[in-house]
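A short worksheet on the structure shown next.
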There are 4 protein chains.
Amino acid sequence: MARVKDPAKIDRLFEAALRHVLETGYAGLKMAEVAREAGVATGTIYTYFGGKADLINQLYRHLKQQKMEAIMQEHDPEAPLTQQIKLLWTNYFRDALGAPVRNHFIRQYEYSDLLDEESRKLHKNSYKPVYALLEKAKRAGLIRQLPVDTMTAFLIGGANEIAHQGFGQQIDLQEQDIERCYQLAWGAIKQV
Amino acid sequence: MARVKDPAKIDRLFEAALRHVLETGYAGLKMAEVAREAGVATGTIYTYFGGKADLINQLYRHLKQQKMEAIMQEHDPEAPLTQQIKLLWTNYFRDALGAPVRNHFIRQYEYSDLLDEESRKLHKNSYKPVYALLEKAKRAGLIRQLPVDTMTAFLIGGANEIAHQGFGQQIDLQEQDIERCYQLAWGAIKQV
Amino acid sequence: MARVKDPAKIDRLFEAALRHVLETGYAGLKMAEVAREAGVATGTIYTYFGGKADLINQLYRHLKQQKMEAIMQEHDPEAPLTQQIKLLWTNYFRDALGAPVRNHFIRQYEYSDLLDEESRKLHKNSYKPVYALLEKAKRAGLIRQLPVDTMTAFLIGGANEIAHQGFGQQIDLQEQDIERCYQLAWGAIKQV
Amino acid sequence: MARVKDPAKIDRLFEAALRHVLETGYAGLKMAEVAREAGVATGTIYTYFGGKADLINQLYRHLKQQKMEAIMQEHDPEAPLTQQIKLLWTNYFRDALGAPVRNHFIRQYEYSDLLDEESRKLHKNSYKPVYALLEKAKRAGLIRQLPVDTMTAFLIGGANEIAHQGFGQQIDLQEQDIERCYQLAWGAIKQV
DNA sequence: TATGAATGAGCCTTCATTCAT
DNA sequence: TATGAATGAAGGCTCATTCAT
């Protein structure tokens with residue numbers, strides 16, 4: 001009988017929230033504006049979300065999940081390790097440049113104390129497959145014998161930096177540019 | 001004849017503002033709280049700063065200048081290029097880890113539209129010496145033949161990433177850790 | 001589907017604003033107090049008015065329109081000119097004494113730079129019918145051959161002065177007093 | 001030994017206060033701005049005046065006294081009554097047009113509750129000579145047999161109105177204009 | 001006496017949230 | 001469930017007054 005919650009509204013609310021929260025920050029984000037841009041009444045947000053903090057947390061988890069899926073795209077655990085590393089790095093890089101707003105948001109809130117328990121858990125788990133892969137590669141002597149989190153930092157640091165620098169601009173990398181960038185990243189961690 | 005403006009107040013206001021703005025964001029930063037923590041009355045802030053935006057801009061320039069000085073510390077333009085690069089990178093890395101709050105703040109506002117003209121100019125100029133150095137190294141065939149901004153991204157990306165991950169935690173790197181990290185960074189850009 | 005805007009609130013806000021603005025002046029008028037006296041929350045004012053300046057402008061136009069209607073009450077453009085003048089003057093006088101607060105407010109803000117374009121236009125237009133009537137009377141030789149704005153000043157000056165002096169007191173003029181006062185006003189402008 | 005209060009500063013403070021209080025109202029008047037325009041430090045005002053209210057009261061009395069002197073200029077209690085009335089009216093009119101700012105200020109605060117006892121007393125006394133003169137003229141059958149305050153209202157109302165309308169503009173009345181205006185005023189009260 | 005930095009109460013306005021419809 | 005008017009707490013900034021110099 002009663003109308004049911006409308007998933008399309010949630011998406012529109014997510015979009016509107018994301019569009020603004022990076023420009024204004026959490027405290028500057030206006031619920032009324034999010035509502036207006038999503039085409040719903042102010043009060044309606046509270047049917048879908050517990051409040052501002054909940055909206056941001058749900059948005060975080062929504063985007064984080066998208067990003068994790070993007071990175072694991074076509075991943076084959078049976079493939080050679082170097083190939084797996086390259087695929088994951090390339091996925092990460094493409095995603096960082098292709099969805100800079102989403103990635104900027106995730107980085108911004110990753111370590112903020114706005115995130116609730118559930119969001120934090122998701123974040124923590126997101127590193128696991130990468131760390132596991134690098135541990136294998138270490139044992140295989142393919143990469144340097146350094147802590148995996150350090151090497152991860154250098155792998156994704158360059159990608160994040162380029163995304164950060166190009167934030168707001170149109171970036172149009174060719175396949176060969178990606179290949180070159182990967183060589184930089186790989187040059188950093190590969191066993192010498 | 002009257003009380004004279006007290007520069008120490010400015011420093012205390014800077015400290016208090018920095019301490020809070022990263023936790024709360026610009027919109028969440030409360031002038032009254034900054035004042036209270038700096039040990040002055042609310043209104044006193046406005047004797048030293050034009051308002052919230054001006055406080056943040058002056059803070060940005062203050063910290064950016066500190067960072068630029070830290071990076072150029074002991075820099076010798078006559079030294080061998082590889083040595084110069086290593087010194088600058090090491091300075092950058094030490095600073096990123098040693099003053100994570102300051103660096104986080106700078107990165108946060110670097111591309112925000114809160115920065116005024118003067119602040120933007122400072123930011124723009126900050127890259128010049130590094131780019132110039134890398135151009136020389138490229139011509140000397142010491143590093144890859146890639147755009148200097150791309151290589152810069154991979155140089156500082158790892159450092160930023162580690163600082164970002166370790167934000168809020170106590171990081172205690174040994175000299176040899178720094179050396180190892182530099183090898184990662186240098187491995188990324190060095191001519192193969 | 002939601003609560004609907006309540007025009008009665010506007011009236012209550014007008015009343016409260018008028019009650020205070022003459023005592024305190026514009027800068028001294030407190031929005032919170034206006035709201036409290038109107039029986040609404042502070043923020044509610046901003047549902048109906050753009051802010052303090054807008055509240056005062058809308059109040060001005062509201063009262064000015066009331067006053068204009070009061071003056072033109074029962075005006076008959078076909079009636080003899082002297083009769084028209086007498087009617088308008090009497091209406092003006094009755095209104096000045098009967099609604100001294102309203103009239104004081106209008107005079108106070110009439111030439112202030114708080115008035116926006118729309119309010120100024122209203123003010124400007126309000127003189128037109130009186131000036132037109134006096135011009136006709138001049139051509140008919142009924143009144144002195146002097147500029148109509150000068151004569152208008154003497155017509156309404158006495159009325160305003162009495163209202164001004166009696167401001168805050170209870171004035172209870174009899175019909176014959178009004179008649180006598182009109183004789184003073186008419187004595188000033190009538191052709192000798 | 002100690003320097004003594006400087007009368008020139010008082011004048012400059014009066015001037016600055018008068019210049020602003022009409023534009024902004026009492027609550028909008030800024031002590032710091034008055035001080036700056038008078039060329040003294042903010043705190044110095046408090047050497048000369050007890051505070052904002054005292055500044056305005058002293059200013060009122062200062063200006064009121066100036067005005068009373070201007071009106072009584074060349075007054076000769078032995079002269080014929082009609083001549084005395086004409087002189088006082090003319091003085092009043094010239095003063096209203098010649099010092100519109102001063103007169104506007106006086107009118108504005110005349111009935112405000114900002115005035116202290118001393119100021120109120122001065123105001124009350126200022127009417128006495130005019131009322132006495134009109135009483136004599138009434139007894140002599142020169143003017144209408146109406147209350148003197150009513151007739152006073154019509155005498156000065158026109159003058160005030162013209163000053164009010166011309167407020168802020170340059171008014172340049174010729175001698176003959178003044179004569180004509182007096183005829184209007186006299187026409188109102190003279191015995192018919 | 002003069003200065004102007006310092007104080008902090010106070011006010012306009014905003015906006016997350018609630019609730020009558 | 002959807003709406004948007006209503007609420008009122010909170011924050012940036014101002015400014016009369018004080019006071020150290």
Side-chain angles (χ1 to χ4, degrees), chain A residues 1-6 9 26-36 39-55, chain B residues 1-6 9 24 27-36 39-55, chain C residues 1-6 9 24 27-36 39-55, chain D residues 1-6 9 26-36 39-55:
Chain A
M1 273 304 182
R3 257 170 298 177
V4 83
K5 286 191 186 181
D6 178 357
K9 273 191 190 131
Y26 176 78
L29 183 70
K30 300 175 202 171
M31 296 299 265
E33 191 160 15
V34 171
R36 191 175 47 70
V40 302
T42 311
T44 305
I45 294 189
Y46 294 83
T47 303
Y48 292 88
F49 300 98
K52 200 168 161 179
D54 183 51
L55 170 62
Chain B
M1 270 167 148
R3 236 173 295 189
V4 80
K5 280 196 190 183
D6 179 0
K9 282 202 186 100
T24 61
L29 182 70
K30 298 175 210 170
M31 296 300 266
E33 188 154 53
V34 171
R36 192 174 47 70
V40 301
T42 311
T44 304
I45 296 189
Y46 296 85
T47 302
Y48 294 90
F49 300 98
K52 201 170 163 180
D54 183 50
L55 170 61
Chain C
M1 267 171 150
R3 239 171 294 188
V4 81
K5 282 196 189 181
D6 179 0
K9 283 203 184 100
T24 61
L29 183 68
K30 298 176 210 171
M31 295 300 266
E33 188 153 54
V34 172
R36 192 174 48 70
V40 299
T42 311
T44 304
I45 295 188
Y46 296 84
T47 302
Y48 294 90
F49 300 98
K52 202 169 163 179
D54 183 51
L55 170 62
Chain D
M1 271 300 182
R3 257 168 298 178
V4 83
K5 286 192 187 182
D6 178 356
K9 274 192 190 130
Y26 176 78
L29 183 69
K30 300 174 202 172
M31 296 299 265
E33 190 160 17
V34 171
R36 191 175 49 71
V40 301
T42 312
T44 305
I45 294 188
Y46 294 83
T47 303
Y48 292 88
F49 300 98
K52 200 168 161 179
D54 182 50
L55 170 61

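Atoms considered below: every heavy atom in the structure, side chains included; atoms not considered: hydrogens, waters and symmetry mates. The shown structure was predicted, so the numbers you read here are calculated from the model rather than taken from an experiment. Letters A, B, ... are given to chains in the order of the sequence lines, protein chains preceding strands, and every chain is numbered from 1.
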Output the rounded distance in Å from [atom1] ([X]) to [atom2] ([N]).
| X | N | atom1 | atom2 | value |
| --- | --- | --- | --- | --- |
| B:Ile45 | E:dA5 | CD1 | P | 16 Å |
| C:Arg36 | E:dC11 | CZ | P | 11 Å |
| C:Asp54 | E:dT13 | CG | C1' | 14 Å |
| A:Glu33 | E:dT14 | CD | C1' | 13 Å |
| C:Lys5 | F:dA5 | NZ | C1' | 9 Å |
| A:Phe49 | F:dA2 | CZ | P | 12 Å |
| B:Asp6 | E:dG4 | CG | P | 17 Å |

Just list the side-chain donor-acceptor pairs under 3.5 Å for residues 29-36 of chain A, sequence neighbours left out, or say none.
residue : atom : partner : partner atom : Å
A:Glu33 : OE2  : A:His20 : NE2          : 3.4

Out of F:dC15, E:dA5, E:dC12, which nucleotide sits closest to the side chain of C:Lys30?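 Minimum distance to the C:Lys30 side chain belongs to E:dC12.
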State whether A:Lys9 places a side-chain N or O below 4.0 Å from either non-bridging phosphate oxygen (OP1 or OP2) of F:dT1.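 No, because none of the side-chain N or O atoms of A:Lys9 sits under 4.0 Å from OP1 or OP2 of F:dT1.
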Using a 4.0 Å heavy-atom cut-off, does D:Leu29 contact any base of the nucleic acid, only the sugar-phosphate backbone, or nothing at all?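 Touches sugar-phosphate only.
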Considering every strand and a 4.0 Å limit on heavy-atom distances, what is the contact class for C:Tyr48: base, sugar-phosphate, or nothing?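 Sugar-phosphate contact only - C:Tyr48 comes under 4.0 Å of backbone atoms but never of a base.
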Counterpart residues, side chain to side chain donor-acceptor pair (under 3.5 Å), relative to C:Asp6 (two or more places apart):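 Result, side chain to side chain donor-acceptor pair (under 3.5 Å) vs C:Asp6: none returned.
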So which heavy atom on A:Tyr48 is nearest to which on A:Lys9, and how close?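 Reported closest heavy-atom pair: OH-CD, 3.6 Å.
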Sequence neighbours left out, what passes ring pair (Phe, Tyr, Trp, His ring centres under 6.0 Å) with A:Phe49? Give chain and number order.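 A:Phe49 satisfies ring pair (Phe, Tyr, Trp, His ring centres under 6.0 Å) with A:Phe14 only.
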Can you give me the N/O atom pairs linking the protein to nucleotides 17-19 of chain E at distances under 3.5 Å, or say none if there are none?
residue : atom : partner : partner atom : Å
E:dT17  : OP2  : A:Tyr46 : OH           : 2.9
E:dT17  : OP2  : A:Lys52 : N            : 3.1
E:dC19  : O2   : C:Arg3  : NH2          : 3.4

Taking Watson-Crick and G-U wobble pairs with both distances under 3.5 Å, convert DNA chain F into its dot-bracket string, 5' to 3', dots for unpaired and | for cross-strand pairs. .||||||||||||||||||||
I want to confirm an ordering. Mapping B:Thr44 and B:Val4 to their closest nucleotides on DNA chain F, which one lands closer to the 5' end?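 By nearest-heavy-atom nucleotide position, the 5'-most residue is B:Thr44.
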